[in-house]
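Structure, as structure tokens:
All heavy atoms count here, side chains included; hydrogens, waters and symmetry mates do not.
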Number of protein chains: 2
Amino acid sequence: MTPLSDAEPTPVETAAGRTDESLPVDARSRARPTMRHVATLAGVGVKTVSRVINGEPNVSAATIERVMRAARSLDYEPDLHAGNLRRADGRTRTLGLLVGSVDNPFAGAVHRAVEDAALARGVAVFASSLDDDPEREQAAVSAFLRRRVDGLILTTASEDQAYLAPELRRGTPVVFVDRQPAGVTSDSVVSDNTAGAALATRHLISHGHRRLAYLGDRHDIRTAQERRRGFLDELGRAGIATGDAPVVEGLHDEETARLATLALFDADEPPTAIFSAQNLVTIGVIRALRELDRHLDVALVGFDDVPLGDLLVPGVTVVAQDPHAIGRLAAERVFARLDGDESPAERIIVPTRLVERGSGELPPRVSAR
Amino acid sequence: MTPLSDAEPTPVETAAGRTDESLPVDARSRARPTMRHVATLAGVGVKTVSRVINGEPNVSAATIERVMRAARSLDYEPDLHAGNLRRADGRTRTLGLLVGSVDNPFAGAVHRAVEDAALARGVAVFASSLDDDPEREQAAVSAFLRRRVDGLILTTASEDQAYLAPELRRGTPVVFVDRQPAGVTSDSVVSDNTAGAALATRHLISHGHRRLAYLGDRHDIRTAQERRRGFLDELGRAGIATGDAPVVEGLHDEETARLATLALFDADEPPTAIFSAQNLVTIGVIRALRELDRHLDVALVGFDDVPLGDLLVPGVTVVAQDPHAIGRLAAERVFARLDGDESPAERIIVPTRLVERGSGELPPRVSAR
DNA sequence: CCTAACGCTGACATCGTTGTCAATGGGGCA
DNA sequence: TGCCCCATTGACAACGATGTCAGCGTTAGG
């Protein structure tokens, strides 16, 4: 805050003794100060400023003090990218994170965990939303790469991520979250989708249900396929004809899920229990059941937790994922790779947990229809 | 994908005719390709590659084709930061966004709106969480500035944002969201906190309540002060002694709010109605009322919407903000400033809306205590 | 037929920083 | 006293891109 007492009001002499009037040293200047400005004001060379800013050794205490004062008085902020251009390690201390949508609670929790891990290492995070659009995915990745992020944490919507192969060959760490990669090998952190879906299904069956419906996401999303498989496999194990079970796919938001549920109960032999394979779908189902006033006699288990699910009536039974752990583990993988871990690509499976809150424990009841 | 048919397998001749073996042109190379690699492979100068990559005019169609093929075969991605160093406009096409926490639904909606506006302009967004920590705020801003973001959209926790003055003088657009700036003048986009809080309070009073409690955020947050003032002013207008009304502040998450609510009902003359001034506080209050089994006879209006608030019993009456509009307007201000808008700093007030769902319409009932 | 103009192209300096290296000077030790 | 060593410091090139400018060949106009 205090301007330098000595050098402030007039052009300053450089170390070489010549007066350089082309460098305004006024702290109120409009231009963004560079290391040269700081060096001139402090009366040292730019390299010395660089040493001080980066805490390198072999600078005298007096010089450090002069440089720091000059930097403060100019409100100097080093240009990380210019430095990065020359720096040996080539790190931008930046990460790219791609999630379904930054306003989805699952994504928010992942994001938060990634941010916390990144903050501890002075790494900033670019976040983008995918909207399950493969083009948007590639555009986002390209935007990240042009900005030379040190690593990527990606939720993908594309059929195949082979387009990342060259980048992987260059050594950029890529960790897939929520969905497994296809066409390319790299670390991934996912929930145990098949087991979780089976667990949900088994839970409903154990409460006497035989007529279960599956409501899920787009079929071309691997994660959705796995959950569907977990559901169908479990039906099979219980000796329930899977051909009869209504399987509705392609639901991607509350509204489509709500309409699909209404349609389900408008048809013959509606289910007595529903397994919804995604948080927004679960919410849509709840809305529909309320509308039909069937929320107290149709059982429901959702995959992925729902905000305030414990406060609804009935409470929403879910197979909860652990998005915070997913984000944390993904960030840890990225940083481990950056720190030189060359071990084979790992698939980290984060267990799910059945949370009984009421909706999943309702007994079957024949429709009064 | 297809390697160049002609130039691929061997070192390539430069335009000057000399063979440059120091530049590996193999698409499978480990090194990240630069414009020089592309230029060498295409047999043109770097400036021509630059022209093609940036879509500048005056390049022959044949040259464009050659360069594009070379760039694709090397999986070349331009280095935005290197270009930015030299580019005249000095724009990184990057924005810094600071919100309360990226996993808060309000922040998620703001973030999403900012991202959508940014995407349309090819701008990437850094997102960070504030956690109402002034040090974290300054660290995040500094991290953004070192990365030379083109603009900032900030939620602040500090007493005073004078530290931003030099940056503002340099012309960096800064838009404050959710909270007004102090000690510095710049654009802001906020909800009408005072009016919204008054509206909520009036609503409770109009349903017969005279004993209202205020549960809110830290008092040193301006937004919280405004909401508190709206509450107290409205009590005053209704002729209710404000001295009697329990005002609990310093609540920052569900748990502290829950405990504060429990304490409130453990004391003499508990309120018949509660105004909770923030979404997490509202949730904590709901949990406490459930625990006490008082959720059907203590009225509640929250400031800021709560996920699934319409599905709870009773539905949660709230004064809803419009986080999407806040984010969109903030981004629009930033881009307008970047496009040269020099008009005086603007304070954009986004109206709030009372959403009646049941909890706010409960009549007063004397405690059975 | 000469010249001006234009389209196309590449050499070079430059952006703000860091790596390399050499120069300086003071202190310790023989 | 003399020499070496080390701490301190700055000049300079380089990172990957773009702005400037000059040079080339071709075409249009007089």
Side-chain angles (χ1 to χ4, degrees), chain A residues 13-18 20 22-23 31-40 42-67 71 74 76-93 145-148 170, chain B residues 13-18 20 22-23 31-40 42-67 71 74 76-93 145-148 170:
Chain A
E13 304 217 348
T14 64
R18 98 195 123 82
D20 187 346
S22 71
L23 295 179
R32 184 182 297 284
T34 72
M35 247 178 206
R36 288 236 334 241
H37 296 92
V38 177
T40 305
V44 299
V46 283
K47 179 64 213 197
T48 298
V49 175
S50 170
R51 273 189 271 258
V52 173
I53 295 292
N54 294 291
E56 287 173 37
N58 295 334
V59 184
S60 74
T63 305
I64 291 179
E65 171 66 17
R66 284 226 310 291
V67 170
L74 293 176
Y76 172 71
E77 290 276 5
D79 184 325
L80 221 58
H81 300 303
N84 176 245
L85 201 53
R86 190 64 171 87
R87 207 190 324 274
D89 67 8
R91 299 278 166 84
T92 55
R93 306 187 88 68
L145 294 179
R146 289 158 130 73
R147 289 174 176 83
R148 298 293 186 261
R170 281 174 205 127
Chain B
E13 304 218 347
T14 65
R18 98 194 125 81
D20 187 347
S22 70
L23 295 178
R32 183 183 298 284
T34 71
M35 247 179 205
R36 290 242 326 248
H37 296 93
V38 177
T40 305
V44 300
V46 283
K47 180 62 213 197
T48 298
V49 176
S50 170
R51 273 188 271 258
V52 173
I53 296 292
N54 295 290
E56 287 173 37
N58 295 335
V59 185
S60 74
T63 305
I64 291 179
E65 172 65 16
R66 284 226 311 290
V67 170
L74 293 175
Y76 172 72
E77 290 275 7
D79 184 325
L80 222 57
H81 300 303
N84 176 246
L85 203 53
R86 189 64 170 85
R87 207 191 324 275
D89 67 8
R91 297 277 165 84
T92 55
R93 305 188 89 66
L145 294 179
R146 288 157 131 71
R147 289 175 176 82
R148 299 291 187 262
R170 281 175 205 126

Discussion item. With a 3.5 Å cut-off and heavy atoms only, can you find an N or O donor on one side and an acceptor on the other between the side chain of B/R51 and the base of C/dG10?
Written reply: yes
Practice prompt. Check the distance between D/dT20's C1' and B/R86's CZ and give it to me in whole angstrom.
Written response: 8 Å
Worksheet, complete the sentence: B/K47 NZ to D/dT18 C1', in whole Å, measures 5 Å
Worksheet item: Taking only side-chain nitrogens and oxygens of B/N54, does any of them come within less than 4.0 Å of OP1 or OP2 of D/dT18?
Response: yes
Worksheet item: Should A/S60 be listed as having a side-chain N or O under 4.0 Å from OP1 or OP2 of D/dT9?
Response: yes
Worksheet item: Would you say the side-chain atoms of A/N54 pair up with the backbone N or O of A/S50, donor to acceptor, closer than 3.5 Å?
Response: yes
Discussion item. Base, sugar-phosphate or nothing for A/P78? Non-hydrogen atoms, less than 4.0 Å.
Written reply: sugar-phosphate
Worksheet item: Rounded to whole angstroms, how far apart are CZ on B/R36 and C1' on C/dG10?
Response: 14 Å
Worksheet, complete the sentence: The answer to which of B/E56 and B/A82 contacts DNA chain D further toward the 5' end, by nearest nucleotide, is B/A82
Item to complete: Ignoring hydrogens and angles, tell me if any N or O in the side chain of B/H81 forms a donor-acceptor pair with the backbone of B/T92 under 3.5 Å.
Response: no
Worksheet item: Can you check whether A/G83's main-chain N or O pairs, donor with acceptor, with A/R86's side chain at less than 3.5 Å?
Response: no
Discussion item. Check the phosphate of D/dT9 against A/T63, side-chain N and O only, distance under 4.0 Å to OP1 or OP2. Yes or no?
Written reply: yes
Discussion item. For D/dA17 and B/S50 - does any side-chain N or O of the residue sit under 4.0 Å from the phosphate oxygens OP1/OP2?
Written reply: no
Worksheet item: If only atom types and distance count, is the side chain of B/R66 paired as donor or acceptor with the main-chain N or O of B/A42 below 3.5 Å?
Response: yes
Worksheet item: A/N84 near the nucleic acid: base, sugar-phosphate alone, or nothing, with a heavy-atom cut-off under 4.0 Å?
Response: nothing
